[in-house]
Amino acid sequence: MQKIAIFASGTGTNTARIIDHFRHHATIKVALIVCNKPGAGVLDIASREGIPTLLIEKEPFFRGDAYVKQLREKQIDFIVLSGFLWKMPEVLIKAWPGRIINIHPALLPKFGGKGMYGRFVHEAVIAAAEIETGITIHYVDEQYDHGQPIFQARVSVEKDDTPDTLAKKVHMLEYEHFPRVIEEVLKLQNRR
Ligand SMILES: Nc1nc2c(c(=O)[nH]1)N[C@@H](CN(C=O)c1ccc(C(=O)N[C@@H](CCC(=O)O)C(=O)O)cc1)CN2
Ligand SMILES: NCC(=O)N[C@@H]1O[C@H](COP(=O)([O-])[O-])[C@@H](O)[C@H]1O
């Protein structure tokens with residue numbers, strides 16, 4: 001069984017769809033939800049689904065072992081970042097080499113990096129008068145939004161789009177593609 005830990009900081013609408021996608025899967029399981037924001041909506045989803053959660057704090061995450069011990073105890077094979085808003089430290093990236101992926105709500109390398117998350121991304125896309133936006137799913141390295149791209153999908157930006165309407169369009173792409181791309185990446189890992 002390949003066990004996934006989802007790291008999330010917010011509402012968790014992508015997390016809900018990932019859980020649903022793997023609900024009856026024969027060899028892949030969402031085994032843990034890791035969250036850095038007490039009261040985040042993703043924690044309610046985990047509770048409803050009966051999935052264990054790990055609430056993390058800054059000091060041990062950034063200056064300790066980054067919860068490697070707890071993740072190993074849960075036999076986590078793969079880490080999915082889904083609206084997680086802290087930078088993954090080197091100790092985690094080295095402990096799960098090539099096994100951490102992230103979804104970003106824009107077409108990297110544009111509109112990525114520190115400060116580029118959630119609504120800020122869509123505001124920047126509109127301010128730049130882009131004619132299209134989309135999603136990027138990529139491997140995670142030590143920098144924000146810098147790892148090897150895996151998948152991108154695009155959607156047009158219309159003149160009357162707002163950050164809210166753009167967020168809705170991008171979420172639709174995320175829900176359509178993220179669970180399937182996770183499964184494809186895990187299948188590739190299994191063949192190695
Ligand atoms: N080592 C890595 N860690 C993370 C990556 C990554 O590619 N490499 N991706 C991010 C997700 N992300 C964009 O996709 C992202 C998330 C958050 C930020 C950001 O600026 N965060 C703020 C803190 C916000 C908060 O605590 O509420 C900050 O660092 O000042 C940028 C990009 C997940 N981790
Ligand atoms: N740069 C990171 C970033 O902005 N991630 C974005 O956070 C949202 C989480 O939504 P959710 O909590 O409803 O799944 C998603 O749109 C994801 O692309």
Side-chain angles (χ1 to χ4, degrees), residues 4-21 30 33-46 48-49 51 53 55-59 61-62 66-68 71 78-126 133-155 163-179 181-182 185:
I4 298 171
I6 300 176
F7 282 53
S9 303
T11 317
T13 61
N14 275 286
T15 298
R17 282 151 179 88
I18 295 164
I19 291 166
D20 210 41
H21 184 85
V30 177
I33 304 294
V34 179
C35 184
N36 61 332
K37 306 266 184 186
V42 71
L43 294 171
D44 296 330
I45 292 170
R48 261 201 320 273
E49 295 285 354
I51 296 175
T53 59
L55 208 47
I56 62 174
E57 298 179 354
K58 279 196 171 174
E59 190 60 30
F61 189 66
F62 290 111
Y67 296 92
V68 168
L71 292 166
F78 198 82
I79 295 174
V80 172
L81 309 186
S82 184
F84 185 63
L85 300 184
W86 287 355
K87 184 176 279 188
M88 296 292 276
E90 195 173 348
V91 63
L92 273 180
I93 295 167
K94 290 195 181 320
W96 280 269
R99 293 176 173 271
I100 307 177
I101 66 173
N102 176 61
I103 190 163
H104 183 72
L107 297 171
L108 293 174
K110 296 173 84 173
F111 309 108
K114 188 176 175 69
M116 279 291 131
Y117 58 93
R119 186 185 178 80
F120 298 117
V121 175
H122 308 306
E123 287 173 349
V125 166
I126 289 173
T133 189
I135 60 170
T136 303
I137 299 168
H138 63 94
Y139 288 101
V140 166
D141 67 14
E142 281 78 8
Q143 298 176 54
Y144 274 142
D145 307 324
H146 179 263
Q148 182 194 340
I150 299 167
F151 175 83
Q152 287 190 317
R154 295 161 187 272
V155 67
D164 287 340
T165 60
L166 225 39
K168 286 190 177 71
K169 284 181 173 179
V170 168
H171 266 313
M172 288 303 115
L173 287 180
E174 295 175 331
Y175 303 158
E176 180 185 356
H177 295 290
F178 199 18
V181 171
I182 293 167
V185 170

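Counting starts at 1 for both ligands and their atoms, following the listed order. Note: hydrogens, waters and symmetry copies are ignored here, and every other heavy atom, side chains too, is used. By convention here, the first residue in the shown sequence is residue 1.
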As an exercise, identify every atom of ligand 1 less than 4.0 angstrom from a heavy atom of [X].
X    : answer
K114 : 20 (O), 28 (C), 29 (O), 30 (O)
F84  : 10 (C), 11 (C), 16 (C), 33 (C)
D141 : 1 (N), 2 (C), 8 (N)
W86  : 4 (C), 26 (O), 33 (C), 34 (N)
G113 : 31 (C), 32 (C)
G115 : 19 (C), 20 (O)

Does any non-hydrogen side-chain atom of [Y] lie less than 4.5 Å from one of [X]?
X    : Y    : value
L43  : L55  : yes
I100 : Y139 : no
F84  : I56  : yes
M88  : I79  : yes

Could you tell me whether some N/O pair between [X] and ligand 1 is separated by less than 3.5 angstrom?
X    : answer
H146 : no
N102 : yes
M88  : yes

For ligand 1, does [X] get within less than 4.0 Å through its side chain, its backbone, both, or neither, judged by non-hydrogen atoms?
X    : value
N36  : neither
H138 : side chain
Y144 : both
K37  : side chain

- Of all the heavy-atom pairs spanning A66 and F61, show the shortest one and how long it is.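 Answer, listing the atom of A66 first, then F61: CB-O, 3.4 Å.
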- Task: Would you name the heavy atoms of L173 and I135 that are closest together and state the gap between them?
- Result: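 L173 and I135 have their closest heavy atoms at O-CD1, 3.7 Å.
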- Within the 4.0 Å heavy-atom cut-off around ligand 2, the contacting residues, ordered by chain and number, are T11, G12, T13, N14, G83, I103, H104, P105, M116, Y117, G118, H171, E174
- Task: Please list, chain by chain and in numerical order, all residues satisfying ring pair (Phe, Tyr, Trp, His ring centres under 6.0 Å) with F178, sequence neighbours excluded.
- Result: none
- Go through the steps to decide whether V68 and W96 satisfy the test side chain to side chain contact (heavy atoms under 4.5 Å, CB included), and finish with yes or no. CA-CA 10 Å; V68 168; W96 280 269; 4.2 Å; yes
- Query: Could you give the distance from CG (L85) to CG (N36), rounded to the nearest 0.5 Å?
  - Reply: 6.5 Å
- Would a distance-only check, ignoring hydrogens and angles, find a side-chain to backbone donor-acceptor pair under 3.5 Å from T136 to L108? yes
- Filtering I100, D145, T136, L85 for the heavy atom nearest atom 24 (C) of ligand 1 leaves L85
- Query: Given M116 and H104, is the side chain to side chain contact (heavy atoms under 4.5 Å, CB included) satisfied, shown in steps?
  - Reply: CA-CA 9 Å; M116 279 291 131; H104 183 72; 4.2 Å; yes
- Item | Mutual orientation of the aromatic rings belonging to H171 and Y175 [parallel < 30°, tilted 30-60°, perpendicular > 60°] |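 If you compare the ring of H171 with that of Y175, the planes turn out parallel.
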- Query: What about the rings of F62 and W86, do their centers lie closer together than 6.0 Å?
  - Reply: yes
- Query: Identify the closest protein heavy atom to atom 6 (C) of ligand 1: which residue and atom is it, and at what distance?
  - Reply: Q143 O, 3.4 Å
